[in-house]
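Here's the structure, in structure tokens; my notes come after.
What you are looking at is a predicted structure, and each value in this text was computed from that prediction instead of being measured.
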Amino acid sequence: MKTIGCIRAKLGSTPYYMAKMPAGELIDCVGIAKELPDWDGMTVDEKMQREVDIRRIIEEIVPYIINDPDRFIGSLIVDIYSGMEDVHFESISSVAQNIPNAYALSMKDMGFITLPGNERLIALDGQHRLLSLKIAIRGAMGVPAGTKPFPALDKLVPHPELSTEEVSVIFVEHTDTKKIRKIFNKINKYAKQTSRSDNIITSDDDPFAVIARKLISPDEVLAPVDGIEVVNSKNNTLSSHSKNLTTLSTLYTVCETLLKDRGFKKNMLLPNEATLSEAYNYVSDFWRALLENVDVYKEYMRLTKRNMTIQLLRENNLLLKPVTQMALAHVAAMAKAKNVDWDSVTQKLNSIDWSFDNALWFNILVIGSANKRMITGKDSVRYAGMVISYMVMGNLMTSDEIADVENIIRNARNNEDAELPNIIL
């Protein structure tokens with residue numbers, strides 16, 4: 001038997017109880033819907049929840065719970081799936097004597113809910129948070145049975161000290177599955193996810209976000225020019241009439257590409273100030289060299305300082321497209337690996353035809369010259385980066401790297417005899 005202090009409330013036709021529980025007790029008595037004995041035999045209409053993303057739980061949420069002293073998670077909504085007939089609520093006003101009139105009305109909904117022990121509790125909303133707590137506390141023993149192995153599993157260790165963490169819980173009575181499914185659907189349907197840009201702006205424990213934000217700070221390399229923002233921090237794409245050079249999302253992706261070989265990850269503990277500063281300088285130099293050495297970027301800055309339109313510039317040059325800028329990060333990473341000066345590489349970029357009509361970019365950067373639509377996706381960005389890398393330092397590439405570029409060109413042309421572009425000396 002377990003007695004929990006709570007507040008009774010009602011919304012619409014649904015009574016519920018707001019309480020708090022130690023994380024250790026919570027993971028012991030609350031399960032996920034998939035753990036129900038009759039789950040496999042349920043129809044689609046009877047099942048209430050989607051599958052859990054165990055990789056995201058282990059690689060992102062668990063490290064946050066373990067490592068961040070400022071960790072915080074929202075309330076779990078727990079469905080009293082069965083045994084409600086033995087669950088009782090007693091208000092303070094029903095057992096206490098001589099409650100002052102000023103408190104009596106409120107006290108009738110403040111009290112204790114008693115769970116006899118034979119009830120079945122299921123996380124209606126918050127199953128990822130629940131499993132994250134379970135794995136954080138128990139380590140590998142908290143991972144659901146049948147989980148396919150992947151590298152992060154081997155690094156899990158228990159943190160029993162987290163058992164005393166207090167978690168907010170909302171208990172809801174399971175009257176019928178249709179109603180509970182409806183509650184679950186509406187909770188998730190109307191909960192708007194924060195945008196990628198919002199996450200970058202607000203995250204203080206993601207090194208890529210911290211560096212990306214600093215790049216656009218006053219006096220930094222991508223700071224606003226005379227009140228005009230060089231970087232669009234709201235949208236992930238740029239319209240043809242936009243005055244921005246790039247997007248905050250692009251800065252983040254560039255950081256990921258440049259720093260991955262240094263062991264940086266978005267869910268890692270924030271590095272010490274010296275390490276973070278060194279990483280920032282590396283990323284900042286990437287952008288500085290582009291702005292100082294590439295003709296189209298110099299023209300962008302000239303027009304922006306005069307508050308003139310850059311629409312024609314963007315419509316005629318692929319370097320004004322965020323996708324191409326992401327591809328250049330792959331070029332910079334290869335230059336770093338081969339000890340090639342990035343400034344010298346950026347100067348060679350001026351010898352490349354960056355027009356939408358250049359057939360070299362068809363099916364690599366653009367779908368075709370007619371509609372000028374860019375090709376996005378991590379693989380496409382890497383492919384473009386490999387082709388550009390070949391053009392500016394192909395004489396330093398290995399035979400395997402050159403073969404990779406050949407495959408990219410031939411697949412894009414659908415021609416096994418397609419030739420490689422010329423290397424710029």
Using a 4.5 Å cut-off on heavy atoms from C-beta on, say whether the side chain of [Y] contacts that of [X].
X      : Y      : answer
Lys243 : Asn232 : no
Arg306 : Met301 : no
Asp70  : Asp68  : yes
Leu245 : Val231 : no
Ile211 : Leu259 : yes
Met334 : Met397 : yes
Tyr390 : Pro421 : yes
Lys2   : Met21  : yes

Both conditions, 6.0 Å and 45 degrees, for the charged tip of Lys305 above the ring of Tyr300: are they met here? no
Is the NZ or CZ atom of Lys266 positioned over Phe208's six-membered ring, under 6.0 angstrom from the centre and within 45° of the axis? no
Quick one: does [X]'s side chain have a donor or acceptor within less than 3.5 Å of a partner on [Y]'s backbone?
X      : Y      : answer
Ser203 : Ile200 : no
Asn317 : Leu313 : no
Ser284 : Tyr280 : no
Lys134 : Gly142 : no
Trp354 : Leu349 : yes
Asn350 : Asn293 : yes

Contacts table for residues 271-278: side-chain donor-acceptor under 3.5 angstrom, sequence neighbours left out:
unit_1, atom_1, unit_2, atom_2, d
Asn272, OD1, Ala274, N, 3.2
Asn272, OD1, Thr275, N, 2.8
Asn272, OD1, Thr275, OG1, 2.9

For the residue pair [X] and [Y], what are the closest heavy atoms and their distance?
X      : Y      : answer
Glu220 : Leu215 : CB-O, 3.5 Å
Val167 : Ala23  : CG2-CB, 4.1 Å
Ala212 : Leu251 : O-CD1, 3.7 Å
Tyr282 : Ala333 : OH-CA, 4.2 Å
Gly394 : Ile402 : O-CD1, 4.1 Å
Ile54  : Pro144 : CD1-CD, 3.7 Å

Verdict with reasoning, Lys336 to Asp341, per salt bridge (Lys or Arg N to Asp or Glu O under 4.0 Å): CA-CA 7 Å; Lys336 181 72 173 178; Asp341 179 61; over 6 Å; no
Testing Thr253, Asn235, Asn236 for side chain to side chain donor-acceptor pair (under 3.5 Å) with Arg196, which one passes? Thr253
Enter the distance from [X]:[atom1] to [Y]:[atom2] here, rounded to the nearest 0.5 Å.
X      : Y      : atom1 : atom2 : answer
Leu133 : His128 : CG    : NE2   : 13.0 Å
Ser217 : Leu222 : OG    : CG    : 10.0 Å
Ile364 : Trp361 : CD1   : CH2   : 7.0 Å
Leu121 : Leu130 : CG    : CG    : 10.5 Å
Leu131 : Ile61  : CG    : CD1   : 9.0 Å
Leu320 : Arg314 : CG    : CZ    : 5.5 Å

Within 6.0 Å of CG in Asn395, more than 12 heavy atoms from elsewhere: yes
Has Asn411 got more than 12 heavy atoms of other residues, nucleotides or ligands less than 6.0 Å from its CG? yes
Flag the pair [X] and [Y] as a salt bridge only when some basic side-chain nitrogen lies within less than 4.0 angstrom of an acidic carboxylate oxygen.
X      : Y      : result
Glu165 : Arg71  : yes
Asp417 : Arg413 : no
Lys260 : Glu256 : no
Asp295 : Arg302 : no
Lys265 : Asp206 : no

Mind checking what makes side chain to side chain donor-acceptor pair (under 3.5 Å) contact with Glu161, not counting sequence neighbours? His159
Hits for side chain to side chain donor-acceptor pair (under 3.5 Å) against Ser399, two or more places apart or cross-chain, chain-then-number order -> none
Using the benzene-type ring in the case of Trp, are the ring centres of Tyr17 and Phe89 under 6.0 Å apart? yes
Partners of Tyr64 by ring pair (Phe, Tyr, Trp, His ring centres under 6.0 Å), sequence neighbours excluded? none
Test applied, side-chain contact (heavy atoms from CB on, under 4.5 Å); reference residue, [X]; option that passes from [options]:
X      : options                        : value
Leu318 : Asn358, Ile352, Thr324, Val296 : Thr324
Ile135 : Ile65, Ile27, Leu153, Val143   : Val143
Leu291 : Val221, Thr346, Val230         : Val221

Residue pair Asp353 / Ser355, side-chain donor-acceptor N/O under 3.5 Å: yes
Donor-acceptor pair between Thr250 and Gln325 side chains, under 3.5 angstrom: no
Trace of the side chain to side chain contact (heavy atoms under 4.5 Å, CB included) decision for Ile201 with Leu248: CA-CA 9 Å; Ile201 290 171; Leu248 188 61; 3.6 Å; yes
Show, in sequence, the C-alpha distance, side-chain angles and deciding distance for Asn244 and Ser242, and conclude whether the side chain to side chain donor-acceptor pair (under 3.5 Å) test is met. CA-CA 5 Å; Asn244 309 121; Ser242 170; 2.9 Å; yes
Ring pair (Phe, Tyr, Trp, His ring centres under 6.0 Å) pairs touching residues 324-347, sequence neighbours excluded, are Phe286-Trp342
For the pair Val78 and Ile170, evaluate side chain to side chain contact (heavy atoms under 4.5 Å, CB included) and give the outcome as yes or no after the intermediate values. CA-CA 6 Å; Val78 173; Ile170 297 174; over 6 Å; no
Is there any side-chain hydrogen bond (donor to acceptor under 3.5 Å, both in side chains) pair reaching into residues 374-383, and which pairs are they, with sequence neighbours excluded? Arg382-Asp404
